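This report concerns only the one structure given below.
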Amino acid sequence: MAKKASENLKYYQNPNGPAVAVVSRKVIEKDGLFFKDIDGTGEVTAVNDWRLSPEERAEAYVKSLTTEEKIAQLFISDWRMGPKYPAPVPGHIAVPDESGILDDAEMHGKTIFGEQHQPGTTTLIKNWFSRHFILRANPTPDDLADFLNQLHAVAEECEHFVPVQAASNSRNENGEVVYGMNDAAGVFATWPGTMGIAAAVKGEGDDLTIIDKFADCIRREWDATGLKKGYMYMADVVTDPRWQRTYGTFGEDPVLIEKIMEHLIPGIQGSEEGVTKDGVSVTIKHFPGGGPRENGFDPHYAAGQWNVYATPGSLQKYHLPTFRPAVKYNAASIMPYYSKPAAAKSAEQVDLNGNKVEMDPYGFAYNKFFVDKMLRKDMGFKGYINSDTGIVHNMCWGVDMLALPERVGFAVTQSGVDLISGLFDNAVGMESYNRGKNGYYDTNPVPEGFKKEDLVLTDESIDRAVSRTLAELFRQGMFENPYRDPKKAVEAVANETDWKEAAEIHRKSVVLLKNDDILPLTAEKLNGKKVYAEAFCKKAEVGEGATKALREMLCDVTLTDDYNEADIAILMVSPSSGDYFSATMGYLELDICEGKTVCDVDNEGKPVEATHIETTLTGANKIADIAKAVHANGGKVVANINVTLAWEVGNVERNVDALTVGFDTYPSATLDVMFGRFAPVGKLPITLPKGDEVLAVNADGVCISPNDVPGYDKDKYMPDSMKDENGKAYAYRDATGNYYELNFGLNY
């Protein structure tokens, strides 16, 4: 077996300049300096000269690359690691390359984003010239560094060298691993979910040093492994609580989210000017904000293809401001959302400058007004546009009447997208380019409402797109040295300070919502008491495992398996609702419930008389039984709810004496708060709705609380008949009179 790239590297250190690292590539020595022969000319050309600016080098390189090589760089898609980390495609058997690290087997299978007919890794890099990959595996730091090093080593063998840019969704938060959202967790220093980080920031008086530490941790860990691009973070403001992506946001407060982005972007990228050689590029999601979902429907399926702006001025007030830091601090890229604006259902909207917004009925990646005019020309964004995954084959809202080559051309040439995510559509891209050269539309009809010049890839649009992504690689120092030491990667990720800081934020993320003199559970309160502990999840088997783990954590208390004899009950509640990639039969259920009858919806998303059964928590009905038994003993019930969506918490709160919430927070951190080992400081980053009545949808499909307004402001638009004596209608109000709204949280 051949040596791994990391074992076969040669370094050439320039005085007062970058180190040049190669496995097999030629190195040019001139005037006491070393230059990598990137373009294969053997000369110190503009491409090879690290003394020039990234933009100069990129513009020179696009003139050297072939059309086929450039078109290959317009696409980014999932890629698999070697046999040690099997691909998630049934029946695929990896065949290792000569190093044993890469998978050189062909892949044939179907994923949610389309049919996959892919070559082996070596062929993909050397023959297809694909250079942008999405990594969804969850490897150890040293395996990750070895894998990425090997990709670059193969790329060195091509006539023209372009390093591989592997992108990943975030890897530094705790939570359920979900394909396409957060694909990896638990290897890098693990913080709570992003809403938990926001809860901690709010609890510490908007202490943004928390974000500075979080960002610096990410930058150091990712750079050490060679992972240089993150599909993160979400600047979206949650306005419809039934949106599946809620848990990946920082909540519903646009002022706080903008502040977080002001620290997060330069912190991860390495500077306020943009990404640096030891920085990691960020891709800020999802312009112009994914929050205003039509009654929560997700744009991964047809019912959710619309962004509804029913409230005048909501786009300017709530959704656009959080993207200003991406422009100000030169985020490497911005990702437009799948959805399209719903003109017929929207009030008049203006941009950040007060100019009227045009509601062209195209998905935002295809929407020239939003991407090219609003984001690039008016807001001044200088980075590149990276589409969300699947816009060509699946979520092609507004352009589904176009053929695949036309969708590619329309996105890149007309709208200004620079990198299309989904599949390696090199052949489709070449067909789009050829149609602009071979007179295709002289004999074939142009789709109604479109211009033929907007439907094809042109030399100008290809060069624009590729020069932007090449400039990023030059800026990161990837052309001179993309390689990382696997041993140093392990050391960076094992940094004890980072893990301790993350654990501290887990504790700070816990929000105390209710406390009837039972918390903290001091030794005095527990003296002579029997404690019943149970964890509830949507899947019963997951709940059983979580219960076992919970009881093991409670080794210092007297436990009982029979809640009828318990003096204290500790309940961990982790609801789950819906499916990310497919619509439910009705609206996404937020009630913490078991066996609840709810209405179906029709193809237009309107409620109908037919019904179905929803369960968001197996055993939810048991909570009342436990509470009744414990209260009969004169005891108390303590519960924690994991908030991944803005749950309707009444079925839990009404039965418990103390209630905390976390946001993919470690159970151990929650117990630290419950047992008084850490005093609660967290504050809600999102408003929890009162119940079904404030999310009711009428026969015309219009929600009684507007889809485009955050929870803290919904009362302004609610009927007076629903408001209480304090003028509040939307937020949940508990038995003690507290509203579970943005910024609420109790202390000991």
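Every heavy atom of this structure was used, including side-chain atoms; hydrogens, water molecules and symmetry mates were not. Small disclaimer: the values here were computed from a predicted structure and weren't measured.
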Does a salt bridge link Asp351 with Lys356, judged by any charged N lying under 4.0 Å from a carboxylate O?
no

Counting only heavy atoms not in Asn603, do more than 12 fall under 6.0 Å of its CG?
no

Please confirm whether the backbone N or O of Val201 pairs with a side-chain atom of Glu204, one donor and one acceptor, at under 3.5 Å?
no

I'd like to know if the side chain of Ser574 reaches the main chain of Asn642, judged simply by a donor and an acceptor atom lying under 3.5 Å from each other, with no hydrogens or angles considered.
no

Verify the distance criterion only: is there a donor paired with an acceptor across the side chains of Asp708 and Thr311 at less than 3.5 Å?
yes

Do the rings of Trp243 and Tyr337 sit parallel, tilted or perpendicular, given the 30° and 60° boundaries?
perpendicular

Partners passing side chain to side chain donor-acceptor pair (under 3.5 Å) against Asp591 (at least two apart in sequence or in another chain)
Lys596, Asn651

Just checking Lys539: does its NZ atom have more than 12 heavy atoms from other residues, nucleotides or ligands closer to it than 6.0 angstrom?
no

Can you check salt bridge (Lys or Arg N to Asp or Glu O under 4.0 Å) on Glu534 and Lys622, steps first, answer last?
CA-CA 11 Å; Glu534 185 170 0; Lys622 183 181 177 182; 3.0 Å; yes

So, Glu653 side chain and Ala735 main chain: donor-acceptor pair closer than 3.5 Å or not?
yes

So Asn355 and Met374, side chain to side chain contact (heavy atoms under 4.5 Å, CB included) or not? Walk me through it.
CA-CA 10 Å; Asn355 301 313; Met374 181 188 290; over 6 Å; no

Is any side-chain heavy atom of Val327 closer than 4.5 Å to one of Arg324?
no

Ignoring hydrogens and geometry, is there a side-chain-to-backbone donor-acceptor pair from Asn747 to Pro680 under 3.5 Å?
yes

Between Asn169 and Lys285, is there a side-chain heavy-atom distance shorter than 4.5 Å?
yes

Output yes when a side-chain donor or acceptor of Glu594 lies under 3.5 Å from a complementary backbone atom of Gly619, and no otherwise.
yes

For Thr283 and Asn386, run side chain to side chain donor-acceptor pair (under 3.5 Å): C-alpha distance rounded to whole Å, both residues' side-chain angles, the deciding distance at 0.1 Å, then the answer.
CA-CA 8 Å; Thr283 300; Asn386 190 143; 4.7 Å; no

On a heavy-atom basis, the closest approach of Pro312 and Gln349 is CA-NE2, 4.0 Å

Hey, are Lys514 and Asp657 close enough for a salt bridge, meaning a charged N less than 4.0 Å from a carboxylate O?
no

Any residue meeting ring pair (Phe, Tyr, Trp, His ring centres under 6.0 Å) with Phe369, in chain and number order, not counting sequence neighbours
none

Assess, by modelled atom type and distance only, whether the side chains of Thr194 and Glu173 contain a donor and an acceptor separated by less than 3.5 Å.
no

Checking His506 side chain against Pro667 main chain: does a donor-acceptor pair fall under 3.5 Å?
no

Could you check whether Asp715 pairs with Lys723 (Lys NZ or Arg NE/NH1/NH2 to Asp/Glu carboxylate O, under 4.0 Å)?
no

Mind listing the closest non-hydrogen atom pair of Val417 and Ala365 along with its distance?
CG2-O, 3.1 Å

Does a sphere of radius 6.0 Å around CD in Glu725 hold more than 12 heavy atoms from other residues, nucleotides or ligands, not counting ones at 6.0 Å or beyond?
yes

Would you indicate whether the side-chain heavy atoms of Leu512 and Val673 approach each other to under 4.5 Å?
no

Give a yes or no on whether the backbone of Ile518 and the side-chain of Lys636 come within a donor-acceptor separation of less than 3.5 Å.
no

Rounded distance (nearest 0.5 Å) linking atom CG of Leu671 with atom CE of Met674:
6.5 Å

Test side chain to side chain contact (heavy atoms under 4.5 Å, CB included) applied to Val638 and Leu659, step by step
CA-CA 6 Å; Val638 179; Leu659 179 63; over 6 Å; no

List the steps and the verdict of side chain to side chain donor-acceptor pair (under 3.5 Å) for Glu252 and Thr239.
CA-CA 7 Å; Glu252 69 178 20; Thr239 51; over 6 Å; no

Out of curiosity, Cys703 SG to Asp240 CG, how far, rounded to the nearest 0.5 Å?
6.0 Å

Please report the closest heavy-atom contact between Gly662 and Thr665, naming both atoms and the distance.
CA-OG1, 3.5 Å

Does a side-chain N-to-carboxylate-O contact under 4.0 Å join Arg733 and Asp724?
yes

Indicate yes or no: at least one non-hydrogen side-chain atom of Thr547 is less than 4.5 angstrom from one of Phe536.
no

Taking every heavy atom of Lys606 against every heavy atom of Asp700, the minimum-distance pair comes out as CE-O, 3.7 Å

Looking at every non-hydrogen atom in both residues, tell me the closest pair between Ser705 and Leu695 and how far apart they are.
OG-CD2, 4.1 Å

Nearest 0.5 Å, what's the SG-OH distance between Cys396 and Tyr366?
6.0 Å

Would you mind checking if Asp625 and Lys628 are paired as a salt bridge, meaning a charged N to carboxylate O distance below 4.0 Å?
no

Sub-6.0 Å ring centroid separation between Trp397 and Tyr338:
no

Pi-cation contact, Tyr739 with Lys728 (under 6.0 Å, within 45°):
yes

I need the Asp298 CG to Arg242 CZ distance, nearest 0.5 Å.
13.0 Å

Do Lys690 and Glu648 have side chains that get closer than 4.5 Å, going by heavy atoms?
no

Spell out, as yes or no, whether a donor-acceptor pair under 3.5 Å connects the side chain of Lys683 to the backbone of Ala198.
no

Would the distance check show the side chain of Thr618 and the main-chain N or O of Lys538 forming a donor-acceptor pair, the cut-off being under 3.5 Å?
yes

Does the side chain to side chain contact (heavy atoms under 4.5 Å, CB included) test come out yes or no for Val643 and Tyr247, once each step is laid out?
CA-CA 8 Å; Val643 175; Tyr247 85 91; over 6 Å; no

Is the shortest heavy-atom distance from the side chain of Pro719 to the side chain of Ile704 under 4.5 Å?
yes

Run the salt bridge (Lys or Arg N to Asp or Glu O under 4.0 Å) check on Asp236 and Arg245 step by step: do they pass?
CA-CA 9 Å; Asp236 310 76; Arg245 293 301 297 267; over 6 Å; no

State whether a side-chain donor-acceptor pair under 3.5 Å links Asn295 with Asn707.
yes

Which of Trp306, Phe364, Phe297 passes side chain to side chain contact (heavy atoms under 4.5 Å, CB included) with Ser339? It is Phe364

With under 30° as parallel and over 60° as perpendicular, where do the rings of Phe287 and Phe323 fit, or are they tilted in between?
perpendicular

Are the side chains of Arg507 and Thr670 in contact, using a 4.5 Å heavy-atom criterion?
no

What orientation do Tyr318 and Tyr712 show, parallel under 30°, tilted 30 to 60°, or perpendicular over 60°?
perpendicular

Is Ile623 close to Val652 at the side-chain level, that is, under 4.5 Å between some pair of heavy atoms?
yes

Pair listing, ring pair (Phe, Tyr, Trp, His ring centres under 6.0 Å) test, anchored in residues 714-733, at least two apart:
Tyr732-Tyr740

Quick one: closest heavy-atom pair of Thr322 and Met261, and the distance?
O-CG, 3.9 Å

Donor-acceptor contact present, side-chain Asp360 to main-chain Asn367, <3.5 Å
no

